[in-house]
Amino acid sequence: QDLRAPIGGRCALGRFTTSSAMMLCVARSLVRGSRRMVGGGIRQTMLHSSSSASSSSLPFFDATTPVNKHSSLLMGCVCYDPSIGDIWGGIKEYLVHEAKLPFDYVLFSNYQTQVKSLLNGHIDIAWNGPIAHVMTEQACPSGKQVVSLGMRDVDQDFESIVVVRKDAKIATLNDLNGRVVVTGASDSPQAHVVPLYYLEMEAGIQFQTVIAQEYDVGKHGDTAVGEVKALEALLSGEGQKAEAAILSRMMWERALAGTLPSVDDTLLSSSCEELSTVTLPKFDHCQFDALLPCTHADKNDKEAKLRDFGHALFAMEWDNPEHQRLLKLEGINREWVPPRQAGYDIVRSALMTRAGGKPIQAASNFQYAGKSRSFSTAATSTSSSPRVAVIGAGIAGVQTLRSLKAAGINATAFEASGKVGGLWKSNYSNFGVQVVRPLYEFPDYPMTEIKSSDYATGPQVQSYTENYVDNFGLRPNIQFHTQVQSVKQERSDKDKLSWKIETKNSQDGNIKTETYDYVVVATGLFSNSNKFLPSSLEDKENVLHSSDFCDAGVAKGKRVVVVGGGKSAVDCAIEASKAGASSVTLLQREPHWPTPRNIAGLIPFQYVFLSRFGQGLVSTYTGPLPETGFTVNASHKVFGSWVT
């Protein structure tokens, strides 16, 4: 049966235990002789595998007879299923014989030991999950830097969901307060760490009880056994009855498809459902990580080997039958993809909270020749170039930073939050762009994630902006969680003007003062810090600013009034109507007619209205709200009286 797990796409959830899976991998390696066992240390690590392994209790990997590290690359990966040896044995054959890359691999029973082996130089590359990726960033030794080499296409934008019992009467995010929730293992990023951080720390949910299914701890949820047990607990109703479960979307879909023997798919579909009104943040999963020395003299040889490894993986072609077989074995949809860091921000935030708020320095993406898109210049900054401070890392801020950096100007951006993107980080329910893709994208970095005729959603724009920052290596030039306290102009003895900027780190409270030659204020007009509510309504219940209207379910069955006539007002009115509001009234000072996406249902609006001729028609056109089947009352306030 197809019992494959979500993370690698091929984990058998049958009678194999963690230990038997590891032993079977060892046996296959010894019998077939196709994979080299590196000394006694790695064999000892395997034989001492445990479902509750920790870095302190396991024998440490000691390569007593290592491969020639001047010519070969040694990669580590965690063995959570008997097929892991077959997968990497096949990829090794490709790398050694077809790509002509000296390569070998070793198997670990848990991520803690794998990360320690990478940090201590016993392996060159670690095939890390998201928790291990951030652990590597946290523990990177002085004089070294973490670089990421690439990932699978399926590792990007991994999804977690909340599943609830239908009889628990949970319909909205707020309904989760005071409930009993069951999760996967406590070190599972998709079924515990990331979703719980978001729900408890960012959404403010207070559960009655959180029950973690502690299976295969140390493997960071790769086996997904904890998620299966969470579904079983949700269905059983025994003991402290679980009312909700947190798991990956992939495991939920496989459970509904009947591919999990211990979960009754008929009972599951009849008694449980996804809580569709709650959208958990997506994150990236596995990534190849390596360490490079910070000094150029020491890292040239290592860089060359890592570059060869990356190029060899990216050269695998889906149309090549043997390559396709290996790619499918590794759970890849079509190809290996370049590295990125934005997808780990939520993981960093979650682990930083656990570590007491200590900031985490994000890894860098390995720079492959020819991988970055071109720009007007590739100049690098020099010590003689002016220093420029950019306040804000939203759309305007990152474009400014990109242009300055490309022109060789030393620029630093200060961002108060932990992410780039500005308003696109989060906003009201179902927010997005009101124009087609070509009208809202960076000129030097096309948005290839959607079709040219599509309207990007808010999360798509945020992901695209994060990719833009990573593609051009802007992240090291951004100081996150840094609030600008004051900006003062000064004149030096030589009559030179400069700017003194005082900043405060919101995590450790550290205050710094630095001097810059120029300042670019890129905070935007619509910052969430500029919310406006009339003073008479500030303390009223059921009064929200549009940016706080994140759960449209609160409008169900209620009479809703939306004040304003801009895009966000129209969007919120539509979302409230979709959510089942009994009525929705839109209040405007002056008449305003939204433009439909397609004129007469056929012609895209930009071909008509984005022209001189079209502008002359705007004042005479009236029509329905864009592509909705919902009735919205439009009221206009004129000289103190109401006209509907």
Side-chain angles (χ1 to χ4, degrees), residues 147-153 155-157 282-284 287 310-311 314 334-345 362-381 388 390 392-413 415 417-427 431-478 480 520 522-524 606 610:
V147 293
S148 299
L149 309 175
M151 55 177 49
R152 304 169 301 178
D153 50 14
D155 286 314
Q156 296 185 341
D157 298 324
K282 296 179 182 179
F283 62 96
D284 287 352
Q287 184 136 255
H311 281 314
F314 296 139
R334 191 166 185 87
E335 61 184 351
W336 299 98
V337 296
R340 67 181 193 181
Q341 300 303 325
Y344 299 100
D345 282 346
S364 300
N365 294 327
F366 190 84
Q367 297 300 309
Y368 295 101
K371 281 290 174 184
S372 296
R373 305 175 195 234
S374 61
F375 195 71
S376 57
T377 175
T380 57
S381 61
V388 180
V390 180
I395 299 299
V398 297
Q399 286 186 98
T400 302
L401 190 61
R402 162 68 177 140
S403 299
L404 291 170
K405 186 177 179 181
I409 296 173
N410 186 0
T412 300
E415 170 56 43
S417 72
K419 290 184 178 181
V420 300
L423 289 179
W424 296 110
K425 293 193 294 288
S426 63
N427 219 300
F431 71 109
V433 177
Q434 72 267 41
V435 294
V436 290
R437 192 202 78 190
L439 300 180
Y440 198 87
E441 62 181 358
F442 299 112
D444 57 327
Y445 191 76
M447 183 186 289
T448 58
E449 292 85 352
I450 63 174
K451 296 187 295 185
S452 178
S453 58
D454 286 349
Y455 293 73
T457 65
Q460 286 174 330
V461 175
Q462 176 63 17
S463 176
Y464 167 63
T465 306
E466 299 272 12
N467 293 342
Y468 176 84
V469 168
D470 287 333
N471 186 77
F472 294 114
L474 305 181
R475 207 168 288 274
N477 295 79
I478 304 173
F480 292 102
V520 178
T523 52
Q606 65 268 27
L610 299 187

I'd like to know if the side chain of N365 reaches the main chain of P338, judged simply by a donor and an acceptor atom lying under 3.5 Å from each other, with no hydrogens or angles considered.
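Not confirmed, N365 side chain does not pair with P338 backbone.
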
What is the minimum heavy-atom distance between [X] and [Y], and which atoms define it?
X: Q399; Y: P443; result: OE1-CD, 4.1 Å
X: A342; Y: D470; result: N-OD2, 2.9 Å
X: A363; Y: S148; result: CB-OG, 3.9 Å
X: I478; Y: A393; result: CG2-CB, 4.2 Å
X: L401; Y: A411; result: CD1-CB, 3.6 Å

Return the CD to CD1 distance between Q462 and I395, rounded to the nearest 0.5 Å.
8.0 Å

Just how far is it from atom OG of S463 to atom NZ of K282, taken to the nearest 0.5 Å?
8.0 Å

Begin with the C-alpha distance, continue with both residues' side-chain angles, and end with the deciding distance and a verdict on side-chain contact (heavy atoms from CB on, under 4.5 Å) for F283 and D345.
CA-CA 8 Å; F283 62 96; D345 282 346; over 6 Å; no

Contacts of D157 meeting salt bridge (Lys or Arg N to Asp or Glu O under 4.0 Å) (sequence neighbours excluded), chain-then-number -> R340

List the residues meeting salt bridge (Lys or Arg N to Asp or Glu O under 4.0 Å) with K419, not counting sequence neighbours, and say none if there are none.
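With neighbours one apart ignored, the set is empty.
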
Kindly state each residue pair satisfying salt bridge (charged side-chain N to carboxylate O under 4.0 Å, His left out) with at least one member in residues 453-466, sequence neighbours excluded.
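For residues 453-466, and leaving out neighbouring residues, the salt bridge (charged side-chain N to carboxylate O under 4.0 Å, His left out) pairs sorted by first residue read E466-R475.
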
With [X] via side-chain hydrogen bond (donor to acceptor under 3.5 Å, both in side chains) - residues at least two apart:
X: E441; answer: R437
X: T465; answer: none
X: S417; answer: E415, K425
X: T457; answer: Q460

Do the non-hydrogen side-chain atoms of V398 and F442 ever get within less than 4.5 Å of each other?
yes

What do the steps show when you test W336 against M151 for side-chain contact (heavy atoms from CB on, under 4.5 Å), and what is the final call?
CA-CA 6 Å; W336 299 98; M151 55 177 49; over 6 Å; no

Side chain to side chain contact (heavy atoms under 4.5 Å, CB included) against E335, all qualifying residues, sequence neighbours excluded
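With sequence neighbours excluded, E335 shows a side chain to side chain contact (heavy atoms under 4.5 Å, CB included) to D153, V337, given in chain and number order.
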
Considering residues at least two apart in sequence or located in another chain, which fulfil the side chain to side chain contact (heavy atoms under 4.5 Å, CB included) criterion with V433?
W424, V435, Y440, A456, V461

Can Y445 and N467 be said to form a side-chain contact (heavy atoms from CB on, under 4.5 Å), step by step?
CA-CA 9 Å; Y445 191 76; N467 293 342; 3.6 Å; yes

Checking F366 now: which residues fulfil ring-ring contact (aromatic ring centres under 6.0 Å, His included) with it, not counting sequence neighbours?
Y368

Y344: partners by ring-ring contact (aromatic ring centres under 6.0 Å, His included), with sequence neighbours left out:
H133

Less than 6.0 angstrom separating the ring centers of Y468 and Y464, yes or no?
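No.
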
Could you go through the side-chain contact (heavy atoms from CB on, under 4.5 Å) check for N477 and L404 one step at a time?
CA-CA 11 Å; N477 295 79; L404 291 170; over 6 Å; no

